[in-house]
Amino acid sequence: MPYSPSEIEARWQKAWDKAALFKATRTADKPKYYVLEMFPYPSGRIHIGHVRNYTMGDVIARYKMATGHNVLHPMGFDAFGMPAENAAMAIGGHPKTWTYDNIDTMVEQMKPLGFAIDWSRMFATCDPEYYGQQQALFLDFLEAGLVYRKNAVVNWDPVDMTVLANEQVIDGKGWRSGTEVERRELTQWFFKISDYSEELLDALDTLDNWPAKVRLMQENWIGRSRGLSFEFGLKGAPDGYDSLPVYTTRPDTMMGPTFAAIAADHPLARRLESTNPKIAAFNEKCRKMDTTEAAMEKAEKLGFDTGIKAIHPADPSIELPLYIANFVLMDYGTGAVIGCPAHDQRDLDFARKYDLPVIDVFKPLGVEDDVEDTAFVPPKTEKVRYVQWHGESGVEITCQQAMDQTLERYEANGWGEAQTQYRLRDWGLSRQRYWGCPIPVVHCDDCGVVPEKKENLPVELPDDVNFDIPGNPLDRHPTWRDTPCPSCGKAAKRETDTMDTFVDSSWYFARFTAPHADTPTVKEDVEYWMNVDQYIGGIEHAILHLLYSRFFARAMHITGHLPKTAIEPFDALFTQGMVTHAIYVTRDENDRPVYHFPEDVEVHENGARLGATGEEVDIIPSAKMSKSKKNVVDPVSIIQQYGADTARWFVLSDSPPERDVEWTASGAEAANKHLTRVWNLCDRIAAMPDGDGTGDADLQKAMHKTIHDVTLGIDSFGFNAAIAKLYGFTATLSKSKASKAVQREAIMTLAQLMAPFTPHLSEDIWHHQKGDGLCAAAPWPKADESLLVDDTVTLPIQINGKRRAEIDVPADLDKAEVEKIALANEAVEKALNGGRPKKVIVVPGRIVNVVV
RNA sequence: GCGGGCGUGAUGGAAUGGUAGACAUAUCGGACUUAAAAUCCGAAGGGCGUAUGCCCGUGUGGGUUCGAGUCCCACCGCCCGCACCA
């Protein structure tokens, strides 16, 4: 019988369904295991990257089932967000229809992959059942003081009359209108995540099973710094502005500042613009800038001299010019900075541009040169010579020591005080858009901002909206806004802002434990299933999503929705790589790139050409898949061509899971060949006559080594390495002359070890070999430790670190004996040339190095 | 600009500081076949050499070590994030 995946896969998926194998249930007799992949956005079709991501989770889920766990492996959709509205604007229709149609399509595409998912728990964040509970959480957070309102800046498109997301702002212009974007201040809702800066930072140390790089990125993002908080006296400022609070992380530079600067949105700058048209014009210019940090950092540094003088707190004779500058951010620190050009590149560029003096505070040891074009910014632990040191010169200490001593001195003299600051800002959750979770509050003329009553939840989105006119359809809906005030009952207006979609994804993992409950969570269920034992997702979520979720878990604990043990919701995190694909490109007459689908290209020995015209094609290897570059691989056609098992096997086979893997047709072909080989092998063994037993011991030994290696591989996310071992064992088995019973045991073990990757093929082999029950429900094989050790080992002998010979020695031979044998080796004797070795290093079981 | 990461044969990659290149692709050779495909077996980092073998080799330059792809420093290139993309 030929290997026929389409038939096999459908059959066994039905069998698993019937046995309800993947339904997550709470029982007392087994430990639980919760494995979760970051849920997808319903963009339309599944992507080969999804296949890889969910296969990784599925390997873990199936492995944990086989090792005796109650496994929770759910799937859902992160379904609110801009693309649905954009689609509604571009092609008509309704975001809701577009979203749910996409979800249906994607579920239909995912099911044939045979994932061990409990589909009964599926939900989308745009289900009123889900977002109604999210509104309940919001109300609890509000009551607990975790949410507040303040003014904040948004990107405003003056032509489309709408708020733009950062990604909709391209080079400072609106993506549709092409007009210059303005900054506009709106009153918006914020989560008090900054109150938890210290805790979120300190608790990173407990996340042992998170990648170190993610913890480091979060640490830097939260950004704890110890610095000096002080006030400049102001000379020539308007009444009521006598002093200016400033914070600096480099107190030692207080000995060399040459200017001070404030943000264009600083209250003082706003006060000045009301009477000075030039300042008003400058501030206006600053406000037209992109609001992203990257854009601010890259933009040309601009300043406006206000004419006001800032008086140095430690020495009133120092008067610094006060600028308004576009690189100072109002929402970090106090919105005012001290400029020390010699030791900050940005300050130096600014000083050179506006002809400000540059005062060296310290110099490298043994160097006299003054700072010219490059600021001197050594690591804080480096010892330098302070040429400006509280009136002295020539003090040699580290910057850190200088900062500490300066802080002490400033505090002692009452010039300022030491302060710990965090870079982390509060999380603004208001979005001026339709397709999101409505913020459940009401604005009443008499009572102000009033929370909606819980019994009135969910506050559902109205369906009768259209997107012909830009702006938020909730704002112009004729009736939706009208509602009685929950407090006094008078006519009032609903909040029309919706929530950031990051809110939706900040607690879905908890909701999966009781997805259809009429409270956000259910005590017994969260207590049983939380925490997520293994979370899997892209590195692009290293900061925002993961930090927001950590905050949310704390907030949910405070409001009684999560146990204390779940405030760090993800015990282990794994960040997986992308699936990439070569891009095929030719150039048109204007040298612009023209992209081609892989199926239109014929790859030949030294390149590729277009099938239709024979034109040579440039190959850009291993690029991120994108529709516009035509290098997207459709999982549906791969499954039709080769079957789900091949797709699953291949996406994990060639690269370590944390790295990108390039999809190649030849690689998929090879994976398919291998599965066919295993299938044929099963057939052959079933049909073979009983042998004489030669090689039984060798095959058993190889089998137990493979069990050991594959188990280790799965446990440590070494899926590609585990697959390499499975290739090796398949080759061993196919050449084996062992007896039928031993070969049968070997092929069944191979099927089991492959089952997390290729569950359908494994199930079929299991069935053919008459295994008990379902392979997916069979207990994981155990390696016999006694068969894992070899009696003899081959040791390489190095002479001066270069390999020159090999010796075979008993594995348990002691060091002195090994050294004796090594020194008697021909190559070693030749190198020694009758002399004695300077040193002999013997690493048991590893290597011998003779130094001559 | 700031923060984080990555860089190994023709290609994807393997390698607790211990024989660099496992496994796979592409390539080449052989078996089978009238032939091709499929399948099976085998070769293979580069250079020199009939060969035992010798030299070189993990982005570049330096350092630590008996020993470095792995650790440290600097540089180059690419990727991710930068708070309203999901």
Side-chain angles (χ1 to χ4, degrees), chain A residues 38-41 43 78 80-83 152 154-155 163-169 188 211-214 216-221 223 291-299 327 331 345-346 423-433 500-502 504-505 538-545 547-548 575 577-578 580 603 605-606 621-622 624 650 653-656 658-667 669-671 673-674 676-677 680 718 720-721 723-728 731 734-735 794-798 800-806 838-841 843 845-851:
Chain A
M38 291 180 185
F39 66 165
Y41 178 78
S43 54
D78 188 13
F80 275 134
M82 279 197 311
V154 293
N155 302 307
V163 173
L164 297 179
N166 281 341
E167 73 157 15
Q168 295 174 313
V169 180
Q188 304 190 61
K213 64 179 169 187
V214 173
L216 187 57
M217 283 159 87
Q218 290 215 355
E219 187 182 324
N220 289 331
W221 185 262
T291 57
T292 69
E293 203 169 297
M296 304 270 274
E297 290 293 335
K298 272 186 233 161
F327 58 84
D331 42 11
Q345 192 59 44
R346 190 182 58 191
R423 203 184 77 100
L424 182 64
R425 310 201 292 255
D426 276 336
W427 169 14
L429 68 120
S430 301
R431 297 292 181 270
Q432 297 69 38
R433 273 186 268 281
D500 179 7
T501 55
F502 273 118
D504 311 337
S505 56
I539 184 71
E540 66 273 19
H541 296 291
I543 295 173
L544 294 181
H545 163 62
L547 193 60
Y548 290 158
T575 54
M578 294 181 305
T580 61
V603 179
E605 250 172 80
N606 11 306
S622 216
K624 184 175 178 170
F650 177 64
S653 67
D654 259 9
S655 277
E658 67 274 20
R659 270 212 245 175
D660 295 350
V661 65
E662 184 176 348
W663 182 275
T664 58
S666 57
E669 190 82 37
K673 273 183 196 172
H674 179 256
T676 307
R677 212 170 307 157
N680 291 337
N720 56 324
I723 285 175
K725 300 287 180 190
L726 289 166
Y727 271 112
S734 67
K735 284 173 203 166
T794 304
L795 293 186
I797 299 181
Q798 293 184 336
N800 292 336
K802 290 195 180 257
R803 192 184 70 89
R804 284 294 182 263
E806 275 179 5
K838 277 192 199 140
K839 197 170 178 181
V840 181
I841 291 120
V843 184
R846 279 290 186 189
I847 204 163
V848 180
N849 191 10
V850 181
V851 186

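So you know, we letter chains A, B, ... as the sequences are listed, proteins then strands, and number each from 1.
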*Asks:* Would you kindly check whether a donor in the side chain of A/Glu658 faces an acceptor in the base of B/C6, or vice versa, at under 3.5 angstrom?
*Replies:*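 No, the side chain and the base share no sub-3.5 Å donor-acceptor pair.
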
*Asks:* When you compare B/G7 with B/G57, how far apart are their C1' atoms, in angstrom units rounded to a whole number?
*Replies:*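 Approximately 16 Å lies between the C1' atom of B/G7 and that of B/G57.
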
*Asks:* Between B/C85, B/G4, B/G1, which one does the side chain of A/Asn220 approach most closely?
*Replies:*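 That would be B/G4.
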
*Asks:* Please name the pair of heavy atoms, one in A/Ile543 and one in A/Gln218, separated by the smallest distance, quoted to 0.1 Å.
*Replies:*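 In this case the closest contact between A/Ile543 and A/Gln218 is O-NE2, 3.8 Å.
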
*Asks:* For A/Phe650, which residues count as a ring-ring contact (aromatic ring centres under 6.0 Å, His included) partner, sequence neighbours excluded?
*Replies:*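 Listed in chain order: A/Trp663.
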
*Asks:* Give me the distance, rounded to whole Å, that separates B/U8 from B/G59 when you measure between the C1' atoms they each carry.
*Replies:*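 To the nearest whole Å, 10 Å.
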
*Asks:* Under the rule for salt bridge (Lys or Arg N to Asp or Glu O under 4.0 Å), what residues qualify as partners of A/Glu806, not counting sequence neighbours?
*Replies:*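 Expected list: A/Arg803.
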
*Asks:* Could you list the residues that satisfy ring-ring contact (aromatic ring centres under 6.0 Å, His included) with A/Phe502, not counting sequence neighbours?
*Replies:*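 A/Phe502: ring-ring contact (aromatic ring centres under 6.0 Å, His included) contacts with A/Tyr548.
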
*Asks:* Atom CD1 of A/Ile543 to atom C1' of B/C2: distance rounded to whole Å?
*Replies:*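 In whole Å, B/C2 C1' and A/Ile543 CD1 are 11 Å from each other.
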
*Asks:* Check ring-ring contact (aromatic ring centres under 6.0 Å, His included) between A/His541 and all other residues, then give those that pass, not counting sequence neighbours.
*Replies:*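 With neighbours one apart ignored, the set is A/His545.
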
*Asks:* Check every atom of B/G18, B/A83, B/G4 against the side chain of A/Arg425 and return the nucleotide holding the closest atom.
*Replies:*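 It is B/A83.
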
*Asks:* Distance between the P atoms of B/A43 and B/U50, in whole angstroms?
*Replies:*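 Result for the P pair: 22 Å, nearest Å.
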
*Asks:* Atom CE of A/Met217 to atom C1' of B/G5: distance rounded to whole Å?
*Replies:*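 So the two atoms are 8 Å apart, to the nearest Å.
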
*Asks:* If a stem is a run of at least 3 consecutive Watson-Crick or G-U pairs, both distances under 3.5 Å, which stems include RNA chain B?
*Replies:*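 So far as stems of 3 or more pairs are concerned, RNA chain B shows B:1-7 with B:76-82, B:10-12 with B:23-25, B:27-31 with B:39-43, B:45-48 with B:53-56, B:59-63 with B:71-75.
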
*Asks:* To the nearest 0.5 Å, tell me how far A/Gln188 CD sits from A/Asp500 CG.
*Replies:*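 A/Gln188 atom CD to A/Asp500 atom CG measures 10.5 Å (nearest 0.5 Å).
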
*Asks:* For the residue pair A/Thr501 and A/Asp78, what are the closest heavy atoms and their distance?
*Replies:*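 Heavy-atom minimum between the residues: O-OD1, 4.1 Å.
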
*Asks:* If you find the nucleotide of RNA chain B closest to A/Val214 and the one closest to A/Gly667, which residue's nucleotide is nearer the 5' end?
*Replies:*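 Counting from the 5' end, the first nearest nucleotide belongs to A/Val214.
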
*Asks:* By side-chain contact (heavy atoms from CB on, under 4.5 Å), which residues pair with A/Thr575, not counting sequence neighbours?
*Replies:*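 Partners of A/Thr575 under the side-chain contact (heavy atoms from CB on, under 4.5 Å) test: A/Pro211, A/Lys213, A/Val214, A/Ile539, A/Leu573.
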
*Asks:* Would you please confirm or rule out a distance under 4.0 Å between OP1 or OP2 of B/C56 and any side-chain N or O of A/Lys802?
*Replies:*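 Looking at the OP1 and OP2 atoms of B/C56, one of them is under 4.0 Å from a side-chain N or O of A/Lys802.
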
*Asks:* In whole Å, what separates the C1' atom of B/G3 from that of B/G12?
*Replies:*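 That atom pair is separated by 29 Å.
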
*Asks:* In whole angstroms, how far is the C1' atom of B/C82 from the CG atom of A/Leu424?
*Replies:*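 Going from CG in A/Leu424 over to C1' in B/C82 covers 13 Å.
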
*Asks:* For A/Arg433, which residues count as a salt bridge (Lys or Arg N to Asp or Glu O under 4.0 Å) partner, sequence neighbours excluded?
*Replies:*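 A/Arg433 satisfies salt bridge (Lys or Arg N to Asp or Glu O under 4.0 Å) with no other residue.
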
*Asks:* Can you find a heavy atom in the side chain of A/Val169 that is under 4.5 Å from one in the side chain of A/Thr292?
*Replies:*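 When only atoms from C-beta onward are counted, A/Thr292 and A/Val169 do not touch, as no gap falls below 4.5 Å.
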
*Asks:* For the pair made of NZ in A/Lys839 and P in B/C66, what is the distance, rounded to whole Å?
*Replies:*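 Distance check: A/Lys839 NZ to B/C66 P gives 5 Å.
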
*Asks:* Would you tabulate the nitrogen or oxygen pairs shorter than 3.5 Å linking the protein to nucleotides 38-41 of chain B?
*Replies:*
| residue | atom | partner | partner atom | Å |
| --- | --- | --- | --- | --- |
| B/C40 | OP1 | A/Arg677 | NE | 3.2 |

*Asks:* Between B/A86, B/G4, B/A83, which nucleotide gets closest to the side-chain atoms of A/Lys213?
*Replies:*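 Selected nucleotide (nearest to the side chain): B/G4.
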
*Asks:* Among B/C82, B/C84, B/U25, which is the nearest nucleotide to the side chain of A/Trp221?
*Replies:*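 The nucleotide sitting nearest to the side chain is B/C82.
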
*Asks:* B/U11 and B/C66: how far apart are their P atoms, nearest whole angstrom?
*Replies:*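 Each nucleotide's P atom is 36 Å from the other's.
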
*Asks:* Walk me through it: do A/Val850 and A/Arg804 pass the test side-chain contact (heavy atoms from CB on, under 4.5 Å)?
*Replies:* CA-CA 10 Å; A/Val850 181; A/Arg804 284 294 182 263; over 6 Å; no

*Asks:* Output a table of nitrogen or oxygen pairs between the protein and nucleotides 19-23 of chain B separated by less than 3.5 Å.
*Replies:*
| residue | atom | partner | partner atom | Å |
| --- | --- | --- | --- | --- |
| B/U19 | O2 | A/Glu806 | OE2 | 3.2 |
| B/U19 | N3 | A/Glu806 | OE2 | 3.4 |

*Asks:* At 4.0 Å (heavy atoms only), tell me whether A/Val851 reaches a base, stays on the sugar-phosphate, or touches nothing.
*Replies:*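 Sugar-phosphate only.
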
*Asks:* Which residues satisfy the salt bridge (Lys or Arg N to Asp or Glu O under 4.0 Å) test with A/Asp504, sequence neighbours excluded?
*Replies:*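 Here no residue qualifies.
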
*Asks:* Could you tell me the separation between the CG atom of A/Asp504 and the P atom of B/A86, rounded to a whole number of Å?
*Replies:*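 It works out to 9 Å between those atoms.
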
*Asks:* Counting side-chain heavy atoms from CB outward, which of B/A83, B/G1, B/A24 is closest to A/Leu544?
*Replies:*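 Minimum distance to the A/Leu544 side chain belongs to B/A83.
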
*Asks:* Whole-Å distance between B/C79 P and A/Ile539 CD1?
*Replies:*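 Going from CD1 in A/Ile539 over to P in B/C79 covers 16 Å.
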
*Asks:* Could you check if a side-chain atom of A/Pro796 sits within less than 4.5 angstrom of a side-chain atom of A/Ile847, using non-hydrogen atoms only?
*Replies:*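 Contact flag for A/Pro796/A/Ile847 side chains = yes.
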
*Asks:* Sequence neighbours left out, what passes salt bridge (Lys or Arg N to Asp or Glu O under 4.0 Å) with A/Arg423? Give chain and number order.
*Replies:*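 Applying salt bridge (Lys or Arg N to Asp or Glu O under 4.0 Å) to A/Arg423 gives A/Glu293.
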
*Asks:* Specify the separation, in whole Å, of atom CG of A/Asn166 and atom P of B/C82.
*Replies:*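 Atom CG in A/Asn166 sits about 9 Å away from atom P in B/C82.
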
*Asks:* Would you say A/Arg431 reaches B/C84's phosphate, i.e. side-chain N/O to OP1/OP2 under 4.0 Å?
*Replies:*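 Yes.
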
*Asks:* If the glycosidic angle is within 90 degrees of 0 it's syn, otherwise anti, so just tell me which one B/G47 is.
*Replies:*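 Here B/G47 takes the anti form, which means its glycosidic angle is more than 90° from 0.
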
*Asks:* Distance check, P atoms only: B/U58 and B/U19, in whole angstrom units.
*Replies:*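 So the two P atoms sit 16 Å from each other.
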
*Asks:* How would you list, by chain and number, every residue that makes a side-chain hydrogen bond (donor to acceptor under 3.5 Å, both in side chains) with A/Gln345, sequence neighbours excluded?
*Replies:*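 A/Gln345: side-chain hydrogen bond (donor to acceptor under 3.5 Å, both in side chains) contacts with A/Asp349.
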
*Asks:* Between B/A83, B/U25, B/C66, which nucleotide has the shortest distance from any of its atoms to the side chain of A/Ser666?
*Replies:*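 Taking heavy atoms from C-beta onward, the closest nucleotide is B/U25.
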
*Asks:* Starting at the 5' end of RNA chain B, which residue's closest nucleotide do you reach first, A/Thr664 or A/Gly81?
*Replies:*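 Taking each residue's closest nucleotide, the earlier one in sequence belongs to A/Thr664.
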
*Asks:* Taking the minimum atom-to-atom distance to the side chain of A/Ala165, which one of B/A24, B/A86, B/C84 wins?
*Replies:*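 For A/Ala165, the side-chain atoms sit closest to B/C84.
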
*Asks:* Using a heavy-atom cut-off of 4.0 Å across all strands, would you classify A/Arg423 as base, sugar-phosphate, or nothing?
*Replies:*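 Here A/Arg423 touches the bases of the nucleic acid.
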
*Asks:* When you get a sec, tell me which of B/G12, B/C84, B/C54 is the closest nucleotide to the side chain of A/Ser655?
*Replies:*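 That would be B/G12.
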
*Asks:* Rounded to whole angstroms, how far apart are CD on A/Glu293 and P on B/C84?
*Replies:*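 So the CD-P distance, A/Glu293 to B/C84, works out to 11 Å.
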
*Asks:* Can you tell me, in whole Å, how much space there is between the P of B/A22 and that of B/G9?
*Replies:*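 Nearest-Å result for B/A22 against B/G9 at atom P: 13 Å.
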
*Asks:* Categorize A/Ile841 for me: base, sugar-phosphate, or nothing, with a 4.0 angstrom heavy-atom threshold over every strand shown.
*Replies:*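 Result for A/Ile841 = base.
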
*Asks:* Does a side-chain N or O from A/Arg659 land closer than 4.0 Å to OP1 or OP2 of B/A14, or not?
*Replies:*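 Yes, within the criterion.
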
*Asks:* Under 4.0 Å, counting only non-hydrogen atoms across every strand here, what does A/Ser430 touch: a base, just sugar-phosphate, or nothing?
*Replies:*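 The answer is base, as A/Ser430 lies within the cut-off (heavy atoms under 4.0 Å) of a base atom.
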
*Asks:* Give one of base, sugar-phosphate or nothing for A/Glu669, where a contact means two heavy atoms less than 4.0 Å apart.
*Replies:*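 A/Glu669: no heavy atom of the nucleic acid under 4.0 Å.
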
*Asks:* What's the gap between B/A15 and B/C23 when it is taken at their C1' atoms, as a whole Å value?
*Replies:*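 Approximately 12 Å lies between the C1' atom of B/A15 and that of B/C23.
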
